[in-house]
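For reference, the structure is listed below as structure tokens.
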Amino acid sequence: MEGRRWAEGVDCQPDDIVIVLGIGLGYHIKALARKLTSGKIIAIEPHEELIASCSNYWVFKDLITKNKVIILSSEQSSKNFLAGLVDPFHLEKVKIAEYHPLRYYFSREFIDILREINNSLSHLFVSANTVLYFSRTWTQNFFANLDKILTAVPADLFKDVFLNRPGIIVSAGPSLNKNIHLLKKAKGKAVIIVVGTALRPVTAIDVKPDIAVSLDGSEANYRHFQELSISGFPLLFDAIIYPQILREHQGPLIASVFYDTFSRWLINSGLQVPGQISIGPSVANMAFDFALKLGLDPIIFIGQDLAFSDGHTHARGTVYEKNKPTDDKANLLEIDGFDGGKVLTSRSLHSMLLYLETQIALTANGRNIINATEGGAKIARTRAMTLNEAINLYCKDKFDPEEKIQAICSSYNPPGLDAMGKLAQKIKEEIGVLEKTSKIARSGLRLANNLELLLRAKEPLQHKINKLLKRLDAVDKELKNLSAGLLPVDMAFQPVWFYLNKGAFDKEAEDQYTEGIRLAKKTQFLYHGLIESINIVKESMLQAAKNIDRGSE
């Protein structure tokens, strides 16, 4: 009875995701589940002893099986725990409900969990906006890089090739100045993984990376690779990387495709996805995920400040060495530092710190994660020590990472000329579908414009309006029949889709004609966005087909 009363008081819609703090005996959760026809419940329990027996509760065992209820402990709900559970484009669907009888006993735990929920939602919001901002650029980059993606060595081939060997991830934080010279001591005794931003200072001391990692799709990323003193090192890249980097790189290429839209397009084209290395908000997240795939243990971070050390944002020798921290106090946070004191960081760097801590918590699986940055932020679930201590403790045995990596790269056979030729032909056929779709959408846009003019007339002619509405319905049906061929524009269309689904055109109208004008404008926005997205992607696909044809000649 009490659980039912509580559920009735929860303000939610049938398709919402409700985060419930406190499981108890579960009766309130079962009652709430009845209100959620297509939504789900994420239940967080501060009492750890209850978690083990939750799956056997007859009260909601069936709900767990159907994935309508997801149960997490307080530990599992730390940091960015909502990633993968919540659609970042529909954060308004997330509701939080506290089971008050339990809050009385676990008030401190509930406060901590609420803080982590806010952190997680904040990170998802930033991530969603990043995707919206770069969606078209990333689509253009993917098709520009397609021939390189197909001929590069798949990242999946490197699984456990350095099992239980030490690895060092080199980032470009200002504390790198303190210990970068020690990389020479570690060379040949650890796999040295260098993020793109840190390539200049590392190669300047004549250390050749065993693997470099890059993913940024902006032109600014290219500056890290220009006129390097050392070349020939392998480069792990994500499909969205700035294309010129791949065109000019002198060394093996290792490919990963993180975003599902691009992976699905490859599969639909009869191709294999080369691997899916998690990217996160920083290139260091991609480097860490690849280090895990390699089987490295321990994994040692250096230059991973995630804070402003010694009044700088980046290490000497980087493109950003002259950058200074912001003086905007509203954007600054004071957090725990590497050495036990306090350090200043920005909100964006703090978001990266939270993501990295979550990534370590969820994926390290008992491996030794060492923070040898010797400055910057304290990173939870890492062991802090100097780089010299880490090298002396873990990097004792000599081995040759370069030889093993080169062997994998040289033995890989990319798709043959026949497969590449067929792909080029398939791309041209898809372009034909996009052109047909664009033509239909242009027709629909003209009809929607005419509909608005009719509705704004002093005396709207209903029979003409009805005729236009009928023709618009026919356009919609034609577009739906072609929707399977629109996967190439899926990501580029994200900003349009997001704007429409955020209710920009959903204001309640005063009368039927005002309502008609609202719908006409919504239709105009939809068709215009579709046409624009197709035009952007079509040009990229044409170039991709030319690149592939050129390579198969």
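No experiment lies behind these values; they were computed from the predicted model shown. We use all heavy atoms of the structure for the numbers below, so side chains are in, but hydrogens, waters and symmetry mates are not.
Shown are Ile391, Asn179, Leu387; of these, the side-chain contact (heavy atoms from CB on, under 4.5 Å) with Lys185 is made only by Ile391. The one candidate from Thr137, Thr139, Val537 that meets the side-chain contact (heavy atoms from CB on, under 4.5 Å) condition with Met491 is Thr139.
The CZ atom of Arg383 sits 5.5 Å away from atom CD1 of Ile370, with the distance rounded to the nearest 0.5 Å. Within the model, atoms OH of Tyr320 and OG1 of Thr313 stand 9.5 Å from one another, a figure rounded to the nearest 0.5 Å. Between the CD1 atom in Ile149 and the CG atom in Asp238 there is a gap of 8.0 Å [rounded to 0.5 Å]. Summarising the geometry, atom CG belonging to Leu36 is positioned 5.0 Å from atom CD1 belonging to Ile41; distances are rounded to the nearest 0.5 Å. Rounding to the nearest 0.5 Å gives a distance of 4.5 Å between CZ of Arg347 and CG of Leu333. Once rounded to the nearest 0.5 Å, the distance linking CZ of Arg381 with CG of Leu356 reads 11.0 Å.
Classified by interplanar angle (parallel below 30°, tilted 30° to 60°, perpendicular above 60°), the ring pair Phe262/Tyr259 is perpendicular. Using cut-offs of 30° and 60° for the angle between ring planes, the Tyr242 and Tyr222 rings count as tilted.
In this structure Arg264 satisfies the salt bridge (Lys or Arg N to Asp or Glu O under 4.0 Å) test together with Asp260, Asp490, sequence neighbours excluded. A search for side-chain contact (heavy atoms from CB on, under 4.5 Å) contacts involving Ser540 returns Gln140, Phe143, not counting sequence neighbours. In terms of the ring-ring contact (aromatic ring centres under 6.0 Å, His included) criterion, Phe237 has no residue partners (sequence neighbours excluded). Annotation: salt bridge (Lys or Arg N to Asp or Glu O under 4.0 Å) contacts of Asp15 (sequence neighbours excluded): Lys93.
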Problem set entry | Worked verdict on Asp216 versus His224 for side chain to side chain contact (heavy atoms under 4.5 Å, CB included) | CA-CA 11 Å; Asp216 191 346; His224 304 309; over 6 Å; no

For this session: Quick one: do Leu199 and Ile230 satisfy side chain to side chain contact (heavy atoms under 4.5 Å, CB included)? Show the steps, please.
Result: CA-CA 9 Å; Leu199 278 173; Ile230 293 176; over 6 Å; no

For this session: Could you go through the side chain to side chain contact (heavy atoms under 4.5 Å, CB included) check for Trp138 and Gln494 one step at a time?
Result: CA-CA 12 Å; Trp138 288 347; Gln494 286 290 333; over 6 Å; no

Exercise. Between Gln226 and Arg200, does a side chain to side chain contact (heavy atoms under 4.5 Å, CB included) hold up when you go through it step by step?
Worked result: CA-CA 9 Å; Gln226 286 180 295; Arg200 285 183 174 276; 3.7 Å; yes

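In summary, the side chains of Thr386 and Asn388 do not present any donor paired with an acceptor at a separation below 3.5 Å, with no hydrogens or angles considered.
Smallest separation of non-hydrogen atoms from Leu215 and Ser282: CD2-O, 4.5 Å. The minimum heavy-atom distance linking Ala287 with Val195 is given by the pair CB-CG1, 4.2 Å. Taking each heavy atom of Ala307 and Val343 in turn, the nearest pair found is CB-CG2, 3.9 Å. The two atoms that bring Asn141 and Gly217 nearest to each other are ND2-O, 3.0 Å, heavy atoms only. Considering every non-hydrogen atom in both Val283 and Val213, the closest pair reads CG2-O, 3.5 Å. Shortest non-hydrogen contact noted between Ala364 and Leu292 is CA-CD2, 4.3 Å.
No side-chain heavy atom of Ser171 sits under 4.5 Å from any side-chain heavy atom of Leu306. When side chains are defined from C-beta on, Ile379 counts as touching Glu357, because their heavy atoms get closer than 4.5 Å. In this structure, Val170 and Val207 have side chains that are not in contact, with every pair of non-hydrogen atoms separated by 4.5 Å or more. For the pair His350 and Leu354, the minimum side-chain heavy-atom distance is below 4.5 Å. Contact of the Ile193 side chain with the Leu294 side chain is registered, since non-hydrogen atoms from C-beta on lie closer than 4.5 Å. Looking at Phe308 and Pro174, their side chains never come closer than 4.5 Å, going by heavy atoms from C-beta outward. Counting only heavy atoms from C-beta outward, the side chains of Phe258 and Gln276 approach each other to under 4.5 Å. Contact annotation: the side chain of Ile360 approaches that of Phe288 to within less than 4.5 Å [non-hydrogen atoms, C-beta and beyond].
In terms of modelled atom types and a separation under 3.5 Å, the side chain of His249 and the main chain of Phe233 share a donor-acceptor contact. Asp16 places no side-chain N or O within 3.5 Å of a backbone atom of Val18 that could act as its donor or acceptor partner. Looking at Asn285, its side chain never comes within 3.5 Å of a backbone N or O of Gln359 through a donor-acceptor pair. In this structure, the side chain of Ser309 engages the main chain of Gly376 through a donor-acceptor pair within 3.5 Å. In this structure a side-chain-to-backbone donor-acceptor pair under 3.5 Å is missing from Arg136 to Pro495. Proximity of a side-chain donor or acceptor of Asn365 to a complementary backbone N or O of Thr363 within less than 3.5 Å is detected. Put simply, the side chain of Asp297 never gets that close to the backbone of Arg367: no donor and acceptor are under 3.5 Å apart. Of the possible polar contacts, none joining the Asp310 side chain to the His312 backbone as a donor-acceptor pair under 3.5 Å is found. Ser256 contributes a side-chain N or O that, together with a main-chain N or O of Ile277, makes up a donor-acceptor pair within less than 3.5 Å. Between the Thr382 side chain and the Ile369 main chain, no donor and acceptor come within less than 3.5 Å of each other.
Every pair passing side chain to side chain donor-acceptor pair (under 3.5 Å) that includes a residue from residues 203-215 is listed here, sequence neighbours excluded: Lys187-Asp210, Lys208-Glu402, Ser214-Asn221.
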Pairs of donor and acceptor atoms involving the side chains of residues 155-166, under 3.5 Å and at least two apart or interchain, shall be tabulated with distances.
| residue | atom | partner | partner atom | Å |
| --- | --- | --- | --- | --- |
| Asp156 | OD1 | Lys293 | NZ | 3.2 |

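Outside the 6.0 Å centre-distance limit, the rings of Phe493 and Trp497 are not counted as a close aromatic pair.
For CD of Glu248, the number of neighbouring non-hydrogen atoms (other residues, nucleotides, ligands) closer than 6.0 Å is greater than 12. For CD of Gln244, the number of neighbouring non-hydrogen atoms (other residues, nucleotides, ligands) closer than 6.0 Å is greater than 12.
Contact check on Asp336 versus Lys342 returns a salt bridge, with a Lys/Arg side-chain nitrogen under 4.0 Å from an Asp/Glu carboxylate oxygen.
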